[in-house]
Amino acid sequence: MFNDSYAENPEVFEKKFDKLVSLIENSKNMTVFTGAGVSTLSGIPDFRGQHGVYTDPWMGMDVEEIISMTFFRRKPDIFYKWAKDVWYHLEDYEPNVVHRVLSKMEKQGFLKKVYTQNIDMLHQRAGNTTVMEVHGSPEYHTCQGCGKKFTYAEIAPQVREGKVPYCPVCKSVIKPDIIFYEEALNERILNSAWHDFSHTDLCLVLGSSLLVQPAASLPALAGQSGAKIVIVNAQDTYQDANATLRFRDLKQTFDALEAYLDSRIEEK
């Protein structure tokens with residue numbers, strides 16, 4: 001949940017925020033990269049932080065083993081027992097101020113694409129129309145035998161009932177379109193990312209500690225290409241020294257951005 005202790009002194013914050021607004025207004029090609037910190041504002045547990053869903057063992061097993069392809073092929077029943085409470089109640093969560101603001105930024109012409117490490121589909125629910133899910137999402141599932149596609153809405157009720165979803169056509173197990181360990185990232189999304197981050201003039205890094213590669217290298221690519229980098233994250237990142245602006249508190253920053261965007265509409 002949101003921690004007030006990250007909020008900055010109003011005078012310090014306002015000076016930095018004015019610079020952020022100037023960067024956004026003068027950007028011709030802004031790119032946004034979001035991580036787990038954005039999801040935690042909606043109440044979704046952190047995956048890789050201290051005591052995160054991925055870092056603490058589950059029933060004595062390493063979660064990073066459970067979400068590997070080797071494990072999934074051998075024990076899909078164990079995988080789905082773990083995933084039931086982690087990945088199949090996403091409709092219980094609502095978009096937060098960061099999701100809302102990014103949607104408003106797209107509608108007002110500031111933003112074309114959001115790249116996210118998150119799998120919760122909250123950017124889409126908030127209204128962003130071009131979301132590049134670097135690690136995939138459970139929006140669709142794929143039969144491992146015949147390749148038939150299924151939606152989250154079709155599969156989630158089965159998983160919540162404790163069932164392993166099998167394809168009605170070929171009887172093979174069905175897997176969520178989330179990138180597991182031992183799987184390659186989506187080549188189309190990676191190619192798009194390399195292009196966009198190397199041609200952006202402003203890169204916003206939101207709620208990511210930039211630890212999970214290769215996605216975490218994308219903001220560095222932006223910086224190497226001459227873009228301004230703005231980081232909003234509670235924890236330190238390896239790109240902090242290269243950031244033009246550095247904020248700690250997502251909620252403080254995006255509450256202010258929402259007020260700014262709303263004022264622009266009122267002035268028209």
Side-chain angles (χ1 to χ4, degrees), residues 33-36 38-39 44-49 52-59 61-90 113-124 130-156 158-159 163-167 169-197 207-221:
F33 181 83
T34 69
V38 172
S39 297
I44 295 175
D46 186 12
F47 285 156
R48 289 186 170 85
V53 172
Y54 290 2
T55 51
D56 284 348
W58 181 80
M59 296 182 64
M61 289 178 282
D62 184 345
V63 171
E64 293 191 346
E65 179 186 359
I66 293 173
I67 54 177
S68 70
M69 281 306 298
T70 297
F71 190 95
F72 180 80
R73 291 188 185 105
R74 288 191 293 113
K75 300 180 179 179
D77 55 329
I78 301 298
F79 162 78
Y80 276 110
K81 283 181 182 177
W82 170 82
K84 179 176 70 170
D85 295 326
V86 180
W87 287 351
Y88 288 93
H89 287 272
L90 295 176
K113 287 182 188 176
V114 174
Y115 285 85
T116 186
Q117 295 175 291
N118 301 331
I119 62 167
D120 50 43
M121 302 177 284
L122 289 177
H123 286 300
Q124 293 94 322
T130 308
V131 181
M132 309 300 279
E133 295 166 315
V134 180
H135 295 149
S137 87
E139 180 180 9
Y140 293 101
H141 290 58
T142 303
C143 169
Q144 299 301 283
C146 67
K148 181 176 172 60
K149 290 286 185 180
F150 301 85
T151 65
Y152 176 86
E154 292 175 294
I155 299 301
Q158 299 179 50
V159 177
K163 299 176 182 176
V164 175
Y166 287 99
C167 177
V169 177
C170 72
K171 311 305 179 186
S172 298
V173 70
I174 296 167
K175 174 189 170 294
D177 289 357
I178 297 168
I179 305 298
F180 282 22
Y181 287 101
E182 302 168 1
E183 283 191 298
L185 298 185
N186 182 290
E187 187 173 347
R188 177 186 63 83
I189 291 177
L190 271 185
N191 289 337
S192 174
W194 296 134
H195 176 273
D196 290 345
F197 281 89
S208 176
S209 295
L210 300 178
L211 295 174
V212 181
Q213 297 291 355
S217 64
L218 295 174
L221 178 62

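Index from 1, following the sequence.
Interatomic distance, CD of E154 versus CD1 of I174, reported as 8.5 Å (0.5 Å rounding). With rounding to the nearest 0.5 Å, the separation of CG in L221 from CG in D196 is 10.0 Å. With rounding to the nearest 0.5 Å, the separation of OH in Y166 from CD in Q158 is 11.0 Å. Between atom NE2 of residue H141 and atom SG of residue C167 there is a gap of 13.0 Å, rounded to the nearest 0.5 Å. How far CD1 of I44 is from CG of L90: 6.0 Å, rounded to the nearest 0.5 Å.
Under the side chain to side chain contact (heavy atoms under 4.5 Å, CB included) rule, S68 has a single partner from R74, E182, R73, which is E182.
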Problem set entry | Criterion side-chain contact (heavy atoms from CB on, under 4.5 Å) on I78 and M61, from CA distance to verdict | CA-CA 10 Å; I78 301 298; M61 289 178 282; 3.6 Å; yes
For this session: For the pair T151 and Y140, evaluate side-chain contact (heavy atoms from CB on, under 4.5 Å) and give the outcome as yes or no after the intermediate values.
Result: CA-CA 5 Å; T151 65; Y140 293 101; 4.0 Å; yes
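Across every non-hydrogen atom of S208 and G35, the tightest pair is CB-CA, 3.9 Å. Between V38 and T34 the shortest heavy-atom distance is CG2-CB, 4.0 Å. Minimum heavy-atom separation, V164 to D77: CG2-CA, 3.5 Å. In terms of heavy-atom proximity, G136 sits nearest to I119 at O-CG2, 3.2 Å. Nearest heavy-atom pair, A215 versus P219, reported as atom, atom and distance to 0.1 Å: O-CD, 3.9 Å. Heavy atoms only, all atoms of each residue included: I179 and A184 are closest at CD1-O, 3.7 Å.
With N118 contributing its side chain and D120 its backbone, the two residues share no donor-acceptor pair below 3.5 Å. Side-chain atoms of Q213 never come within 3.5 Å of backbone atoms of L211 as a donor-acceptor pair (strictly under, hydrogens ignored).
S192 and Y115 share a donor-acceptor pair across their side chains, judged by distance under 3.5 Å alone.
Shown here is E187, whose CD atom has no more than 12 heavy atoms of other residues, nucleotides or ligands within 6.0 Å. In K81, the NZ atom is not crowded: 12 or fewer heavy atoms of neighbouring residues, nucleotides or ligands sit closer than 6.0 Å. Annotation: K149, atom NZ; neighbour count of heavy atoms from other residues, nucleotides and ligands within 6.0 Å is above 12.
Counting heavy atoms from C-beta outward, Q117 and F33 have side chains that approach closer than 4.5 Å. Within the 4.5 Å cutoff, the side chain of E139 has heavy atoms near those of the Q124 side chain. Annotation: side chain of P76 is not in contact with side chain of K175 (no heavy-atom distance under 4.5 Å). With contacts defined as side-chain heavy-atom distances shorter than 4.5 Å, the pair I67/F72 does not qualify. The closest side-chain heavy-atom distance from L185 to H135 is below 4.5 Å. Looking only at side-chain heavy atoms (C-beta outward), M121 and Y152 come within less than 4.5 Å of each other. Between P165 and F150 the shortest side-chain heavy-atom distance does not fall below 4.5 Å. In this structure, I155 and Y88 have side chains that are in contact, with non-hydrogen atoms separated by less than 4.5 Å.
Taking the six-membered ring where the residue is Trp, W87 and F180 present tilted rings, their angle falling between 30° and 60°.
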